[in-house]
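Not measured: the values here are computed from a predicted model.
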Amino acid sequence: MLEKSLMLSKFRGSLLGALVGDCCGAPFEGQLMDSGVKLILKKNLDKLEGPDFSAPYKKYTDDTAMTIQTAKTFLDPAGYSQKLLAKNYVVEFFKEPNRGYGEAVGEVFEKLRQTKIADPTCPAIAQFNGSGSFGNGAAMRVSPVALYCVNKSIDELVRLVKETSQVTHTNVLGVNGAILQALAIRQSFLLNPNEPFCWKTFLAQLQQHMVEIEKENDPDLDANPNAYEKQLQNMEKLLDNTVEPSDENVLNLMGHSVAALYSVPTAVYCFLRHTQDLLKDTDRKSFRNTLEYAISLGGDCDTIGSMACAISGAYYGESIISSALLKHCESAENVAFLGEQLFKVAGAEIM
């Protein structure tokens, strides 16, 4: 059983990790990450973690905006409901629409507002000619759900992740990506960071869960019914390599796009690549290494960074994140407080 103080630190750490990855990755989203840009990234993060607090203020994007609303929905005195979640997303979107939301999700929120959320999932179901979105938008905001469910069954976690995802994402790849991200956060939370970490055991547990999840896929409807199982196998090949894989090799196998299939497993890989037993990281720089590496891969790097750091924060806890860095991230104190409130609601008694 984890100590109460460590569990609280992990709740705060996961949400703060998601915030940091989002804020620090956003300026580099879509850039060609050549050696020059990677050096700029490193120097930028060094400055943010340094004593000079005149460094730039980092605003969060839709990733964090929706994560905050997800957390607030589970903290609502009336209790969580899918309709309340949809309402909170819609209100937040129209209050601050310039947070970097995709056009497709904006259309979903517009339809939800027009129908007064008569059916929280109907607009999402109609997306892309009825196939639904396979993007990573559900996965990027799922950390509060994973934390809320740390003392609940896997079945309950999966049920709630599906329900929260389907407000905007109904394609099986989008939903299963959110499930994978939630499972990775849950597993990280339940581990003691002061004990030896085995990436093979961690990955094997994820593979076992995702095999079961993907058994429910309809092979007649799903073109790639074992998609996440295959991606986790690719991840194992990369991690088993005695020579550190090149970025090109990682991107060829894992991807870095907005598609959940090619970003959620990448985020999990970024975390596992930088756990202590992989890099002998005795100076406890795993979180910073995960953050920098996730962003350095380019593509949808704010979301990949956010997801990777949410997992890392859930494993190490808040203390692994530079306090100086947090001072530059928008609403860090508010996000940390939401972690505390979730901790109280979830009970967090790990049996």
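A distance of 7.5 Å separates CD1 in Ile304 from NE2 in His256, rounded to the nearest 0.5 Å. Interatomic distance, CZ of Phe11 versus CD of Gln341, reported as 11.5 Å (0.5 Å rounding). Atom CG of Leu338 and atom CD of Gln69 lie 9.0 Å apart (nearest 0.5 Å). To the nearest 0.5 Å, the span separating CG on Leu190 from CG on Leu2 amounts to 7.0 Å. To the nearest 0.5 angstrom, Ile40 atom CD1 is 8.5 Å from Met33 atom CE.
Aromatic pair Phe197/Tyr315: ring centres closer than 6.0 Å. Ring centroid separation for the pair Phe287 and Tyr316 does not come in under the 6.0 Å cut-off.
Side chain of Ser296 to main chain of Tyr293: a donor-acceptor pair is present (N/O by atom type, distance under 3.5 Å, no hydrogens or angles). Checking side-chain atoms of Asp62 against main-chain N and O of Ala65 turns up no donor-acceptor pair under 3.5 Å.
Between the side chains of Ser153 and Asp155, no donor N or O sits under 3.5 Å from an acceptor N or O. In the model, Gln114 has a side-chain atom that pairs as donor or acceptor with a side-chain atom of Glu110 under 3.5 Å. With hydrogens and angles left out, the side-chain atoms of Asp300 and Ser263 include no donor and acceptor closer than 3.5 Å.
Checked for salt-bridge contact, Lys58 and Asp22 miss the test: no charged N lies under 4.0 Å from a carboxylate O. Ion pairing of Arg288 with Asp46 is present here, as a side-chain N (NZ or NE/NH1/NH2) and a carboxylate O approach within less than 4.0 Å.
The same ILVMFWY cluster, assembled from side-chain heavy atoms under 4.5 Å apart, contains both Leu147 and Leu75.
Between Met66 and Arg99 there is no side-chain heavy-atom pair separated by less than 4.5 Å. Inter-residue side-chain proximity for Met210 and Gln231 is flagged as unmet; no heavy-atom pair is nearer than 4.5 Å.
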Donor-acceptor contacts, no H, no angles, side chain residues 175-189, under 3.5 Å, sequence neighbours left out:
unit_1 : atom_1 : unit_2 : atom_2 : d
Gln181 : NE2    : Met307 : O      : 3.0
Arg186 : NH1    : Cys149 : O      : 2.8
Arg186 : NH1    : Lys152 : O      : 2.9
Arg186 : NH2    : Lys152 : O      : 3.0
Gln187 : OE1    : Leu206 : N      : 3.4
Gln187 : NE2    : Phe202 : O      : 3.1
Ser188 : OG     : Ala184 : O      : 2.9

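Pairs passing the side-chain hydrogen bond (donor to acceptor under 3.5 Å, both in side chains) check and including a residue from residues 8-18, sequence neighbours excluded, read Arg12-Glu318, Arg12-Glu340.
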